[in-house]
Amino acid sequence: ILTGPDAALSPAIALLLNFVSGMSVLIGAIIVVASDVSDDKIGLMLAFGAGVYLHIAATECMPRIYKCGTAWVRAASILAFIIGTVLIGLILLDHEHCVPESAATGASGGGGGHGHR
């Protein structure tokens with residue numbers, strides 16, 4: 001996309017920008033690990049990040065697929081999206097930090113460890 005006619009960046013500049021944006025993720029991870037961030041705050045940050053990815057997919061990627069792609073490309077793209085979401089869901093099946101401590105002992109904590117009532 002960055003080297004296409006819309007942005008017209010050289011491949012070297014596109015790679016540099018991609019590297020810089022990737023480093024921002026690494027720096028953010030270092031900051032979160034180095035500080036004492038609660039699970040609630042991490043959950044909010046992950047939800048915000050997921051919203052950003054969904055926004056990019058809905059506003060940037062899907063219109064390009066519908067504009068340039070055939071019915072086969074559209075179906076393959078939707079299938080790839082579904083496979084990706086299922087794989088993420090499978091990873092989350094063993095997501096343990098959201099289990100309340102009282103659930104391990106058999107007591108009812110209510111709210112799934114997230115403070116919901």
Side-chain angles (χ1 to χ4, degrees):
I1 292 176
L2 291 176
T3 57
D6 292 337
L9 295 174
S10 71
I13 297 295
L15 284 172
L16 177 68
L17 291 175
N18 192 19
F19 177 77
V20 169
S21 68
M23 287 302 295
S24 69
V25 173
L26 183 61
I27 292 169
I30 290 170
I31 290 170
V32 167
V33 169
S35 60
D36 186 26
V37 181
S38 69
D39 286 342
D40 293 339
K41 301 290 190 259
I42 290 175
L44 288 173
M45 289 187 277
L46 290 173
F48 177 76
V52 169
Y53 278 113
L54 287 174
H55 175 75
I56 291 170
T59 61
E60 189 67 32
C61 299
M62 289 307 286
R64 289 176 187 266
I65 290 170
Y66 279 102
K67 180 176 139 183
C68 302
T70 63
W72 174 250
V73 171
R74 292 178 197 162
S77 299
I78 291 173
L79 180 64
F81 177 79
I82 291 170
I83 289 171
T85 55
V86 167
L87 290 175
I88 291 171
L90 290 174
I91 291 170
L92 292 178
L93 284 177
D94 195 30
H95 190 71
E96 294 183 13
H97 85 264
C98 293
V99 176
E101 293 177 21
S102 60
T105 61
S108 174
H114 294 283
H116 303 295
R117 304 226 183 253

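Computation of the quantities below employed the complete heavy-atom set of this structure, encompassing side-chain atoms and omitting hydrogens, waters and symmetry-equivalent molecules.
Once rounded to the nearest 0.5 Å, the distance linking CD1 of I78 with CD1 of I83 reads 12.5 Å. Here the CG atom belonging to N18 is positioned 12.5 Å from the CE atom belonging to M23, to the nearest 0.5 angstrom. Atoms CG and OG, from L16 and S21 in turn, are 9.5 Å apart once rounded to the nearest 0.5 Å. Here L26 contributes atom CG and I30 contributes atom CD1; the two are 4.0 Å apart, rounded to the nearest 0.5 Å.
Membership of the apolar cluster around I27 extends to I31, as traced through chained side-chain contacts below 4.5 Å between ILVMFWY residues. Residue I56 belongs to a hydrophobic cluster whose other members are F48, V52, with links defined by side-chain heavy atoms closer than 4.5 Å. Through direct or indirect side-chain contacts shorter than 4.5 Å among Ile, Leu, Val, Met, Phe, Trp and Tyr, L44 is connected to no other residue.
Minimum heavy-atom separation, V32 to V37: O-CG2, 4.0 Å. Residues A58 and P63 come closest through the heavy atom pair O-CD, 3.4 Å.
L87 and L79 end up in the same hydrophobic cluster when Ile, Leu, Val, Met, Phe, Trp and Tyr side chains are linked at under 4.5 Å.
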